[in-house]
Amino acid sequence: MQADSSDHRLSGPRKRRLIELDRNHVWHPFTQHALWNRVDPLIIVAAEGVHLIDADGRRYIDGVSSLWCNIHGHRRPEIDEAVRRQLGRVAHTTQLGLVSPPAVELAARLVSLAPPGLTRVFFSDDGSTSVEVACKMAFGYWRHRRKTRRRFIALGQAYHGDTIGALSLGGIELFHRPWRPLLFKTDFAPPPYCYRCPLGKSADTCGMACVGELERLLQSRRGQVAGVVIEPMIQCAGGMITAPAGYLRRVRELCDQYDTLLIADEVATGFGRTGRMFACEHEHVAPDLMCLSKGLTGGYLPLAATLATDAIYEAFLGPIASGRTFYHGHTFTGNPLGCAAALASLDLFDAGNVLDRLQMRISLMAEHLRRISCGAHVGSVRQCGLMAGIEIVRNRATREAFPYAWQVGARVCARARDHGVILRPLADVIVVMPPLAITADELDDLMVAVERAIEEITPTAASGEVDGLE
Ligand SMILES: *Cc1c(COP(=O)(O)O)cnc(C)c1O
């Protein structure tokens with residue numbers, strides 16, 4: 001008999017026991033536990049395609065790809081099988097001094113797909129570590145060339161991860177400000193956030209003044225900047241902020257002009273999310289370092305890669321006594337199960353013509369967004385490929401935001417759950433980022449659920465009929 005979702009259901013007592021243990025022992029990421037412990041959480045026990053299945057057998061569309069990483073849907077037989085096959089050989093061996101076939105094959109595969117010039121692949125475990133590695137490579141590159149360059153330039157609203165180095169490049173007040181005393185100093189250029197321009201300009205007439213600010217920074221720090229770090233095309237965690245056409249290209253030109261490295265953090269945008277394999281391709285940009293993670297394994301297993309140019313790699317060559325060895329590495333670096341999943345995921349891209357077929361989904365999402373953008377409390381909709389952010393506001397005319405304590409974005413997402421969709425907002429930006437494998441019908445259902453949830457929650461919220469969440 002075919003297994004079905006009901007096989008995974010949990011009994012009432014088992015559910016209550018899990019929730020109790022969760023409350024007593026699990027510290028969830030980005031979660032205020034004073035609130036979490038008051039509501040019954042959803043327990044996901046299984047998944048199938050783009051659906052997550054809860055302990056009662058209810059199915060939900062995975063509207064944010066299990067935090068932006070799932071690509072081909074859950075339980076893809078090809079990826080499941082690749083992991084099982086690798087498990088039949090070995091689950092893990094070290095990359096320190098040993099070679100592992102799936103890692104070698106994956107490195108070569110990534111180089112063949114990446115923008116030109118990126119020829120070396122350093123594996124690590126997650127997005128944050130891939131950014132740490134890129135920073136240390138950039139700093140080391142200049143050091144080995146007898147230049148002391150210790151500054152990084154990042155963008156306001158940037159998010160590059162939560163470890164101390166990656167956090168140092170972060171420009172989101174709420175997440176990053178509290179840790180400043182622990183972090184290295186970074187210079188921040190204004191983000192291309194046209195809906196709320198930090199320079200108070202209007203997109204039609206500004207001539208990309210934010211790039212001008214970046215140039216001024218590069219000028220004033222001439223000779224000190226190890227690299228400019230950017231989320232190409234769209235700053236995700238900062239609120240799904242899409243850059244205007246030509247922005248990324250200009251940043252690349254400025255890095256060349258001021259002789260510094262461009263570090264592209266494609267942790268969120270990589271692997272088709274933007275409609276191309278990598279976001280840099282949209283503007284024919286080749287970075288000096290590129291960070292990959294989330295979608296790398298199809299969203300199956302933790303794995304990351306930092307790609308570098310020959311020039312950077314070669315700066316680390318020399319006799320042992322030169323001290324140029326890149327002394328960095330994590331225990332599970334290049335994990336064979338993760339690499340096997342990644343190879344299977346890349347095979348699926350080829351076999352399923354994923355990127356070609358995706359273009360219709362992207363247009364369909366755009367159609368829905370056009371309609372949603374007319375909503376009474378929708379301030380701005382932003383889309384890049386199959387990623388979208390819907391910024392809801394208290395007052396559309398003045399762009400006045402809802403008070404943060406009202407958690408209107410979270411309320412919209414809680415309502416969407418009643419309509420069969422799992423979402424996770426960024427403050428009052430509703431993020432929609434389904435797996436690339438979503439069908440047209442499923443995408444219709446997802447977008448309609450999002451629209452309904454916004455329409456049901458925002459009018460009451462705007463009239464002030466909510467209690468602040470303490
Ligand atoms: C998620 C993310 C990271 C951090 O990745 P983790 O795997 O959570 O450490 C880094 N950069 C970008 C752009 C991301 O979206």
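We're numbering straight along the sequence, starting at 1. All heavy atoms count here, side chains included; hydrogens, waters and symmetry mates do not. Bear in mind that the values here come from a model prediction, so they are computed numbers and not experimental data. Counting convention: from 1, in listed order, for ligands and their atoms alike.
Annotation for ligand 1: atoms under 4.0 Å from non-hydrogen atoms of H160 are 10 (C), 11 (N). Every atom of ligand 1 with a heavy atom of D126 under 4.0 Å away is listed here by number and element: 7 (O), 9 (O). Set against the non-hydrogen atoms of G161, the atoms of ligand 1 under 4.0 Å away are 4 (C), 10 (C). Listed by number with element, the atoms of ligand 1 under 4.0 Å from a non-hydrogen atom of G127 are 4 (C), 5 (O), 6 (P), 7 (O), 9 (O).
In terms of the salt bridge (Lys or Arg N to Asp or Glu O under 4.0 Å) criterion, residue partners of R221 (sequence neighbours excluded) are, by chain and number, D187.
Some N or O of K294 is nearer than 3.5 Å to an N or O of ligand 1, by distance alone. In terms of N/O distances under 3.5 Å, ligand 1 is approached by D265.
For atom 8 (O) of ligand 1, the nearest non-hydrogen atom from the set G270, S128, A158, A268 comes from S128.
Residue contact check for ligand 1: V131 places no non-hydrogen atom closer than 4.0 Å to it.
Looking only at atom types and distance, the side chain of E215 has a donor-acceptor partner in the side chain of Y258 under 3.5 Å away. In the model, Y300 has a side-chain atom that pairs as donor or acceptor with a side-chain atom of D80 under 3.5 Å.
Taking 4.5 Å as the limit, some side-chain heavy atom of L106 sits within range of a side-chain heavy atom of L346.
Relative ring orientation between Y195 and Y193 is described as tilted, the plane-to-plane angle lying within the 30° to 60° band. Ring geometry for F122 versus F326: interplanar angle over 60°, hence perpendicular rather than tilted (30 to 60°). Between W27 and H33, the angle of the ring planes goes over 60°, which puts this pair in the perpendicular group of the 30/60° scheme.
When non-hydrogen atoms are compared, ligand 1 lies under 4.0 Å from the side chain of W68 (C-beta onward) but not from its backbone.
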